[in-house]
Structures are given as C-alpha cells and as structure tokens.
There are 2 protein chains.
Amino acid sequence: MSIHLANIGDDEAYKPCAHDYQTNCGNCRLNAICLPLALESEDIAQLDEIIQRSKPIQKNQHLYREEDNFQSVYAVRSGTLKAYKTTDDGREQVTGFYFPGEILGMDGIANNSHASSAKALETSAVCEIPFSSLEKLSTLMPSLQRHFFQLMSREITEDQQLITLLSKNSADERVASLMLSISTRNARRKLSATQFRLPMSRVDIGNYLGLTVETVSRVFSRMQKMDLLSVDNKEIEIKDIQGLRDMANLGS
Amino acid sequence: MSIHLANIGDDEAYKPCAHDYQTNCGNCRLNAICLPLALESEDIAQLDEIIQRSKPIQKNQHLYREEDNFQSVYAVRSGTLKAYKTTDDGREQVTGFYFPGEILGMDGIANNSHASSAKALETSAVCEIPFSSLEKLSTLMPSLQRHFFQLMSREITEDQQLITLLSKNSADERVASLMLSISTRNARRKLSATQFRLPMSRVDIGNYLGLTVETVSRVFSRMQKMDLLSVDNKEIEIKDIQGLRDMANLGS
DNA sequence: TATTGAACATGACGTAGATCATGGTAGATG
DNA sequence: CATCTACCATGATCTACGTCATGTTCAATA
C-alpha cells in the first residue's frame with residue numbers, strides 16, 4: 001500500500017463493515033477543509049444527523065453517473081475521485097479530481113440531475129449529504145447557507161482557473177500547475193507537499209488538461225531532466241518547487 | 001442603432017435619468033429567464049425591495065473589477081457584458097458573455113472579492129442584487145434559496161461545457177458552438193434565433209474560445225463559404241442552422 | 001473632405017502538440 | 001511460472017492553429 005494511502009488509512013474511514021461509524025463532523029480531522037465555518041457545536045450536531053457515511057467505494061466504481069437523478073452532494077472522506085462528462089460524440093472530459101475534504105456533485109443542483117459522472121480512482125469513502133435536508137437546514141442556519149454559497153462559488157472560480165489554463169497555457173505550464181495544485185491540497189491535509197502518489201493515470205491527467213498521454217509523459221520526462229521533480233510511475237517527488245512555479249508561470 | 005438594440009430599446013431600461021423606474025420584477029419581461037421560479041407575488045414584492053436598478057453603464061465601463069470588494073450580484077436588464085480575468089502575466093481571459101436576463105458576479109461569493117472583472121460591451125443596464133440582503137431573504141424564502149443554488153449550479157455546468165469545448169474541440173467547432181449558444185439565448189428572449197448583431201469583437205470571441213483573432217476570422221470566412229451563415233462585420237445571419245450544428249459537433 | 005485608427009480579413013510560414021508506431025514494465029490471472 | 005493486459009515512455013512524422021505581415025473597411029475627428 002502506498003505512503004499516501006497509509007497516511008489516510010489510520011482514519012476512521014477504514015472500517016468498511018461497521019454500520020455505526022464513530023465519525024462525526026465534530027471530530028473529523030478534515031472539517032477544517034470541509035466545513036471551514038464557525039458552526040456552533042449544536043449546529044454541527046444537526047448537520048451530523050443529515051449526513052450519511054457510506055461504505056467504501058471500490059476503485060473504478062461510480063459514485064453517481066451523468067443524468068442520474070440528483071439527490072445528494074458528497075464530501076470525500078478518503079481516497080480520490082474524478083468527475084467527468086461524456087461528450088456527445090462519446091469521448092470523455094475529466095472536469096475535476098476530488099481529494100479528502102473536498103465536495104463534489106454540486107453541478108447536479110441546476111437540473112436535478114447529475115451533469116457529470118463521478119468515479120473512484122482508488123478505494124474511497126464519502127459522506128453523503130442529502131440535498132433536500134441540506135436546503136432545509138440552510139434556511140435555519142444562515143452560516144450553513146453562506147457556506148454552501150461559498151463552496152459553489154469556489155467551484156466556479158476553480159473552473160474559471162481551469163478555463164484559463166486550457167486556453168492560455170502550454171503543456172508544460174498545465175502539468176506544472178496540476179502538480180502544484182495537488183501539492184498544496186496535500187499540504188492542507190497535513191500531508192507532504194513534496195512527496196505524493198498520483199491517484200490518477202496519465203490518461204486522466206491528459207484528459208483533464210486537454211493533452212494527450214504522450215504529451216504528459218514527455219512533460220514529466222522534461223521536468224525530470226530539469227531536476228524539478230522525480231517521477232517513479234505514480235510516485236512524485238518535487239525537488240525544486242520554485243522551479244516548478246516558474247515553469248507553471250502563474251506568478252510567484 | 002442596431003436591430004438588436006432597437007428591440008431592447010422599447011424596454012423600461014432606457015430611461016437613463018429617472019430615479020424611479022416603473023420597472024419591477026413582477027412586470028419585467030425578462031423574469032422568465034431571470035426568475036424562473038414560482039414565487040408568490042408578495043415574495044416578488046419583497047425581492048423587488050432589495051433590488052437596485054442602476055443607471056446605464058456605458059460601453060467599456062466596468063461594472064466591477066477583479067478584487068473589488070464583493071457586495072452584489074447583478075442581473076442584466078439590457079445590453080451585454082463580458083466577464084474576464086487577468087492572468088498573472090497580464091493577459092486577459094474572457095470567462096463569459098452575459099445577455100439580458102442572465103446573472104453575473106457569483107464568482108465573488110467565495111472570497112468576498114470579485115474573482116473577475118465585468119465590462120459593458122455596449123450601453124447596458126443591470127439590476128443590482130445586494131448579496132447580504134439576498135442571503136437574509138433566502139433564509140425566509142426557501143424557493144429563492146433554491147433558485148440561487150440552481151443559478152450557481154448552472155454557472156458551474158456552463159463553465160464545464162466551456163472546459164470541454166476548449167479541451168476537445170477544433171476552432172470550427174468552438175466558433176459554431178458560440179454562434180449556436182448566442183442564437184438560443186436570443187430565442188429565449190423572443191428575439192430572432194437566426195439574425196443578430198454580435199455585441200463582442202473578434203478579439204473577445206477568440207479570447208473566450210482560446211483562439212487568435214485571425215483564426216476566428218478564418219472560421220467565419222469558411223462558414224460563409226459553406227453557406228452556413230452570412231457575416232457582415234458584427235451582423236450575423238444563420239442560414240443553415242442544422243449545418244451549423246453539424247459543424248459544432250455537439251450532437252443533434 | 002481628408003485623416004487617423006480600430007477592427008477585421010487573408011496570405012505565407014513556423015511550431016507545439018497530436019498522431020502513429022514501437023517497446024518496455026508492472027501488476028493481474030490462469 | 002508464464003502470459004496477458006494496462007499503463008507508461010519515446011521516437012518520427014503530420015497538422016491545426018499561431019505568428020507575422022499586409023491590406024481593407026468603416027467610423028470618428030480634424
């Protein structure tokens with residue numbers, strides 16, 4: 001098992017068969033990411049009540065599929081998922097990767113049906129948040145309402161970042177940006193910002209970044225030659241984070 | 001004055017100096033787009049009270065700038081605006097065009113500061129919706145809360161569409177898609193789906209679609225040669241909408 | 001009316017990244 | 001253990017689109 005998984009593995013998430021997880025939002029160590037809001041403890045208790053902690057999702061299993069009836073949004077507890085749309089001519093477009101503490105499924109609210117599919121890239125666990133309950137609770141708890149408005153707004157700004165990346169940046173810049181993004185998201189979860197295992201394949205990376213697998217491979221090779229990072233299959237070690245930032249060309 | 005503006009011009013929006021517009025959400029002919037929800041008439045009256053109808057914005061004037069303090073979201077009453085981000089190396093990325101009935105500014109909620117700038121492409125009028133009032137009202141009116149969740153979700157799905165377009169589609173497909181998008185958005189407002197004036201420059205189109213001006217020009221020329229549409233500067237007439245759909249390659 | 005300048009069109013040419021082809025490696029399965 | 005199949009790396013070639021250069025049109029202003 002990888003270092004990455006081992007670090008997560010000591011979490012409560014890995015009790016696949018227990019019906020009553022001892023987890024709740026109050027003691028979850030991801031709540032700083034997932035719920036960065038000043039909820040009163042009784043508020044958190046109320047939130048806990050509507051959240052369902054599901055059994056693990058196996059690798060390649062779907063959490064939901066495009067056009068499924070929309071019921072819930074999901075917070076990642078452990079593992080990683082990718083969201084993707086299937087284009088009209090049958091190809092796939094990866095629209096995002098979701099790490100522990102991050103929330104997915106909000107694109108389904110607009111039409112009461114999921115606008116994308118979500119698939120586990122490794123064994124993962126999620127908290128299911130039924131949206132109708134969330135709505136009701138939000139009218140009672142202004143800070144929760146605000147939190148969800150902010151979460152959705154953040155999703156918008158992140159999508160706009162990706163739009164800019166796809167529209168204006170070279171292959172080198174795109175891959176470097178993704179590596180930096182994963183690095184900072186790891187750091188937020190108190191994991192190493194410089195050493196990690198990529199949960200996704202080169203195909204997924206290329207698809208997400210609008211590049212072919214071959215180009216992604218070549219960029220990784222180039223980065224290694226420049227001593228920015230070392231790549232051993234999916235194991236990444238960032239060796240020169242400033243150099244990587246320079247390559248990403250995103251300022252500072 | 002163009003056909004497009006003339007059609008809008010009979011609207012109440014064009015009373016630049018009046019302090020008391022006779023407009024309200026109840027009688028606004030855009031409310032089917034802007035508020036497609038079953039609000040009770042007294043609810044609409046409440047909403048009306050928080051909405052401020054501002055004086056027109058002149059062409060090239062900003063509605064807000066990136067990093068401005070976020071206070072409000074805006075509904076376009078007349079005219080057109082573009083939203084854009086300035087990348088770290090100083091270039092511009094157009095992230096969206098906003099037509100009457102559409103809402104912009106929601107990307108500012110996440111960080112209480114606008115994540116993009118908004119500039120009028122022609123003389124325009126907007127309804128300003130102070131967000132804090134909207135939040136308060138939303139806790140009292142579940143249907144309004146739901147509406148805004150849906151609006152934001154729609155913004156997410158549209159951004160994802162653009163991501164896919166940029167990542168997977170050719171120049172022809174991108175331009176054709178934009179023309180079709182403008183066409184359907186015109187139709188929603190009971191304007192012609194086949195004849196309209198583009199409010200934005202070729203530069204803006206290219207920027208939005210991740211293409212250079214030259215490429216956009218060439219695509220327009222190609223489309224004319226194929227008799228899909230006729231272009232006279234900014235005046236567009238779609239002559240073969242099915243042909244255009246085929247070119248866009250987005251299915252049906 | 002002449003003049004200036006933005007916005008647009010179009011040709012010639014260069015290039016980043018796609019496509020095609022081949023080979024290597026690591027984990028799954030009989 | 002052998003075999004199979006994803007997944008990844010890397011070279012050779014091709015091409016869509018960018019870049020550069022030049023010209024046109026039209027609206028604004030002297």
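Protein chains get the first letters and strands the later ones, always in sequence-line order, with residue 1 at the start of each.
Aromatic ring orientation, A:Y64 versus A:Y74: parallel (interplanar angle below 30°, classes split at 30° and 60°).
Within 3.5 Å, a donor on the side chain of B:R218 pairs with an acceptor on the base of D:dT19, or the reverse. The base of D:dC17 is not paired with the side chain of B:E214 by any donor and acceptor separated by under 3.5 Å. The base of C:dT10 lies outside donor-acceptor range of the side chain of B:R202, with no N or O pair under 3.5 Å.
Side chain of B:L211, nearest nucleotide from C:dA9, D:dC8, D:dC17: D:dC17. Closest to the B:A171 side chain, of the nucleotides C:dG17, D:dA9, D:dC17, is D:dC17.
At whole-Å resolution of the value, CD in A:E235 and C1' in C:dT25 are 16 Å apart. Protein atom NZ of A:K234 is 14 Å distant from nucleotide atom C1' of C:dT25, rounded to whole Å. Residue A:M200 contributes atom CE, which lies 11 Å from atom P of D:dC8 at whole-angstrom precision. Separating the CG atom of A:N233 from the P atom of C:dG24 is a distance of 17 Å, rounded to the nearest angstrom. Rounding to whole angstrom units, CG of residue A:D204 and C1' of D:dC7 are separated by 11 Å. Regarding B:D172, its CG atom lies at a distance of 12 Å from the P atom of D:dG18, rounded to whole Å. In this structure, CZ of A:R197 is placed 11 Å from C1' of C:dA26, rounded to the nearest angstrom. Atom CG in B:L166 sits about 16 Å away from atom C1' in D:dG18, given to the nearest Å.
Within the structure, a side-chain polar atom (N or O) of A:T215 is placed less than 4.0 Å from OP1 or OP2 of C:dA18.
Counting any heavy atom pair closer than 4.0 Å across all strands shown, A:T212 reaches a base atom. B:G210 comes within 4.0 angstrom of sugar-phosphate atoms only, judged by non-hydrogen atoms across all strands, and of no base. Among the atoms of the strands shown, only primed sugar atoms or phosphate atoms (P, OP1, OP2) are found under 4.0 Å from some heavy atom of A:S201.
With a 6.0 Å radius and a threshold of 12 heavy atoms from other residues, nucleotides or ligands, B:Q61 has its CD atom above the threshold. Annotation: A:K59, atom NZ; neighbour count of heavy atoms from other residues, nucleotides and ligands within 6.0 Å does not exceed 12.
Looking only at distances, no side-chain donor or acceptor of A:S113 sits under 3.5 Å from a matching main-chain atom of A:N69. Under a 3.5 Å cut-off, the side chain of B:R174 and the backbone N or O of B:L209 do form a donor-acceptor pair.
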